[in-house]
2 protein chains.
Amino acid sequence: MTSTRATLSQVAERAGVSLASTSRALHGAGASKAMVERVRAAAAELGYRPDAVGRSLRMKKTFQVAFAVADIGNPVYVEMMRAIHGVLAPHGYRVVVMTTGDTTASTADLVRSLNSGFVDGMVISPLRTDDRLIREIQQAPVPVVVIGRALDDHGISSVSTDSAGGIGAAVRHLHETGRRRIGFLNGPLDTTPGEARQRGFDAAVLAGACPEGSEAVVAEDFTVAAGLVAARRLLAREGLDAVVAANDLLAIGAIHAARELGLAVPDDLAVTGMDDTEIGRVFCPSLTSVSLGSTERGRAAAQLMLRLAEDPEQQAQQVAVGPALIVRESSEFTASDRSER
Amino acid sequence: MTSTRATLSQVAERAGVSLASTSRALHGAGASKAMVERVRAAAAELGYRPDAVGRSLRMKKTFQVAFAVADIGNPVYVEMMRAIHGVLAPHGYRVVVMTTGDTTASTADLVRSLNSGFVDGMVISPLRTDDRLIREIQQAPVPVVVIGRALDDHGISSVSTDSAGGIGAAVRHLHETGRRRIGFLNGPLDTTPGEARQRGFDAAVLAGACPEGSEAVVAEDFTVAAGLVAARRLLAREGLDAVVAANDLLAIGAIHAARELGLAVPDDLAVTGMDDTEIGRVFCPSLTSVSLGSTERGRAAAQLMLRLAEDPEQQAQQVAVGPALIVRESSEFTASDRSER
DNA sequence: GCAGCGACTGGAAACGATTCCAACTGATGG
DNA sequence: CCATCAGTTGGAATCGTTTCCAGTCGCTGC
């Protein structure tokens with residue numbers, strides 16, 4: 001459990017050469033063949049591995065990147081993290097997970113903590129944004145990439161998606177497949193996604209995608225439990241034949257609420273989600289969902305980060321990932337189903 | 001995007017005192033009231049934050065702990081990670097996520113990489129174990145806590161659970177509720193969980209929990225897709241009235257296969273899973289599952305780690321977390337259901 | 001009045017690596 | 001035969017922090 005690590009000077013001593021030569025020999029440049037061989041041998045005998053901390057101090061580079069979100073258990077963030085790790089690890093970067101906390105203040109504090117210099121950059125997906133947070137990001141001593149909201153105007157690198165447009169696509173899909181009265185089940189409006197999705201729904205309604213009216217409720221949280229509670233309220237309204245939920249978990253809550261009322265999904269009620277999560281894919285019925293490309297966004301953010309970390313003079317850059325509607329059972333119906341109504 | 005960070009010597013200069021005093025004043029011990037005030041003021045003016053790397057080098061402590069698993073997207077590991085982060089973060093430790101790769105060789109390499117000294121310890125949950133891996137863990141320069149298999153005899157700290165016993169509990173539950181012919185849907189047998197769960201099933205059968213016989217198949221992986229494929233094979237056997245799956249994802253695959261055959265769950269076929277994941281809890285029907293206490297195991301591992309990190313002389317220690325059967329819809333049936341058969 | 005003591009302070013040495021710079025080695029070319 | 005030069009090498013500085021070790025200062029108690 002406790003072997004002791006060899007240092008570079010021990011390798012140097014064993015090889016009988018100077019510290020400087022040892023470093024060069026191991027690192028590659030500017031050493032004779034004989035020297036390299038000799039040092040390599042000594043290093044191997046001692047089982048030498050360079051110390052990450054010493055090296056970081058000297059090189060002013062930690063080879064670590066932080067990934068910060070409100071809740072590392074959220075499937076969407078998990079997917080992003082996996083993608084980010086997948087991109088960064090092969091380049092020798094480690095990923096440090098951090099939580100932003102619920103408020104913009106705690107998020108801003110987290111960004112400020114970058115002043116401790118423990119990472120070369122941070123990928124962050126804040127639930128909410130405010131001026132102080134933006135300022136902290138701009139003043140951060142290392143590059144920060146924001147996932148979730150386009151911040152081009154502030155000179156901040158970001159990876160965004162069009163979740164408003166995604167909701168619009170879901171509403172149009174329901175309209176086109178014959179649904180007439182659509183309910184919207186959203187999460188908290190004071191979050192970036194909640195606000196955008198509401199905007200998307202309102203726009204779709206204005207555009208006439210709900211000929212026979214619409215209803216909207218707001219759940220306390222983006223979870224199944226909160227979705228169930230809010231969906232009960234929503235389904236109490238008369239004549240809804242479809243529910244657009246702001247994410248997959250809320251959609252599943254809605255399906256549970258529908259079952260309680262004896263409504264069949266999708267025959268009596270179509271339901272769509274958003275985020276295209278595993279949980280929705282395997283659900284029964286499988287869930288129609290708007291993919292916001294979590295994996296793709298994570299990957300894009302990581303690639304941006306990589307560029308910024310390798311070359312700090314890089315300009316801030318923005319990437320947009322488009323939404324994609326994936327139709328599955330929860331919003332399908334056969335012609336016969338429809339005609340029975 | 002690029003403000004420059006202040007160093008301790010800049011603070012010292014600004015305060016007009018020595019480096020040593022500055023450090024002491026900020027860190028607390030052995031400085032006069034006046035000194036503390038003076039230095040604090042200078043530090044505040046400069047927005048000083050101590051450099052994590054410099055401090056790590058000197059203190060030989062990184063305040064980082066690695067969490068290593070084969071797949072950071074797996075819900076069970078996500079739950080563990082959340083718990084670990086929850087315990088460690090309040091104590092000032094950062095969590096670095098790493099992947100072990102599929103093989104014991106790559107896992108052992110990862111453990112060996114601890115020689116680079118970038119973390120104060122590692123919590124690892126290897127899918128498979130072999131002698132080399134155990135040796136590497138024993139020789140690691142920092143404490144390692146293993147989640148998944150009791151390794152007391154090797155002087156390694158571990159957090160284990162009794163998944164064999166958990167399978168036994170599931171089988172007995174099905175037996176007691178009237179099921180007579182039980183199928184077992186397992187994952188790869190060359191993994192630690194696969195092996196243990198098979199052992200648990202075989203033992204239960206031997207103990208007479210399947211009066212009218214049993215069947216077992218092995219899926220290629222612990223996933224829904226693999227579970228579906230394997231469950232089709234399993235359900236082709238005659239007269240099964242229950243399936244015990246080695247985890248929740250396989251169980252959901254089994255339910256899909258049952259649906260294909262027109263079998264109702266739980267009326268025609270009871271299904272149980274393992275791990276008590278969110279996905280199983282919200283599934284329809286909600287999934288009876290054996291909880292192995294992922295959160296609890298993660299928390300226990302983190303607490304162990306904390307002790308070991310604070311005091312390297314600590315003895316290796318083992319913790320066992322018991323399984324708990326959580327009965328939900330997928331294995332319920334009413335008396336009437338049964339009598340109809 | 002002075003020895004002794006305790007509370008503070010500053011200089012300097014770590015920690016482990018990389019890299020600048022000067023010095024040394026042969027070899028080459030004039 | 002000597003000046004030059006490329007190729008290597010070692011000494012020393014550096015990154016930012018903590019902490020050991022003297023040294024200073026002002027008090028107290030005799």
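To find a chain, count down the sequence lines: A is the first, B the second, and so on, and within it residues start at 1.
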Chemist: Separation of B/Glu37 atom CD from C/dT9 atom P, in whole Å?
Modeler: 13 Å
Chemist: Starting at CZ of B/Phe118 and ending at C1' of C/dA17, how long is that distance when rounded to a whole Å?
Modeler: 17 Å
Chemist: When you measure from the side chain of A/Ala31, which nucleotide among D/dG10, D/dT17, D/dT9 comes out closest?
Modeler: D/dT9
Chemist: Take the protein atom NZ of A/Lys60 and the nucleotide atom P of D/dT14, then report the distance between them rounded to whole Å.
Modeler: 13 Å
Chemist: Contact class for A/Val53 (heavy atom, under 4.0 Å): base, sugar-phosphate, or nothing?
Modeler: nothing
Chemist: Under a 3.5 Å distance rule, please check whether A/Ser160 uses its side chain to pair with a backbone N or O of A/Ala320 as donor and acceptor.
Modeler: no
Chemist: Identify which nucleotide among C/dG10, C/dT18, D/dC15 has an atom closest to any side-chain atom of B/Ser18, counting heavy atoms from C-beta outward.
Modeler: C/dG10
Chemist: Report yes or no: do A/Thr129 and A/Arg149 form a side-chain donor-acceptor pair below 3.5 Å?
Modeler: yes
Chemist: Testing B/Thr104, B/Thr107, B/Asp109 for side chain to side chain donor-acceptor pair (under 3.5 Å) with B/Arg132, which one passes?
Modeler: B/Asp109
Chemist: Calculate the interatomic distance between B/Leu46 atom CG and D/dG16 atom C1'; express it in whole Å.
Modeler: 15 Å
Chemist: Are any of the side-chain heavy atoms of B/Tyr48 and B/Leu26 separated by less than 4.5 Å?
Modeler: yes
Chemist: Measure from the side chain of B/Leu57, starting at C-beta and using heavy atoms only, and say which of D/dG16, C/dG10, C/dA17 lies closest.
Modeler: D/dG16
Chemist: Measure the distance from CD on A/Gln10 to P on C/dG16 and round it to the nearest whole Å.
Modeler: 8 Å
Chemist: When you get a sec, tell me which of D/dT18, D/dG16, D/dG10 is the closest nucleotide to the side chain of B/Arg55?
Modeler: D/dT18
Chemist: Counting side-chain heavy atoms from C-beta on, which of D/dT18, C/dA17, C/dT9 comes nearest to B/Arg24?
Modeler: C/dT9
Chemist: Rounded to whole angstroms, how far apart are NE2 on A/His27 and P on C/dA17?
Modeler: 12 Å
Chemist: Would you mind telling me which of D/dA12, C/dT9, D/dT17 lies closest to the side-chain atoms of B/Thr7?
Modeler: D/dT17
Chemist: Can you measure B/Leu19 atom CG to C/dA13 atom P for me and round it to whole angstrom units?
Modeler: 14 Å
Chemist: NA contact type, A/Ser23, heavy-atom cut-off 4.0 Å: base, sugar-phosphate, or nothing?
Modeler: base
Chemist: Whether B/Ser32 contacts C/dT9 is assessed here as follows: a side-chain N or O lying under 4.0 Å from the phosphate OP1 or OP2. Is that the case?
Modeler: yes
Chemist: Using a 4.0 Å heavy-atom cut-off, does B/Gly117 contact any base of the nucleic acid, only the sugar-phosphate backbone, or nothing at all?
Modeler: nothing
Chemist: If you check every side-chain atom of B/Met35, which of C/dT9, C/dA17, D/dG11 has the closest atom?
Modeler: C/dT9
Chemist: If I take atom CZ in residue A/Arg49 and atom P in nucleotide C/dA17, what distance separates them, rounded to the nearest angstrom?
Modeler: 12 Å
Chemist: Test for a donor-acceptor pair under 3.5 Å between the base of D/dT14 and the side chain of A/Arg58, counting only N and O atoms.
Modeler: yes
Chemist: Over 60° means perpendicular and under 30° means parallel, so tell me whether B/Phe67 and B/Tyr77 are parallel, tilted or perpendicular.
Modeler: perpendicular
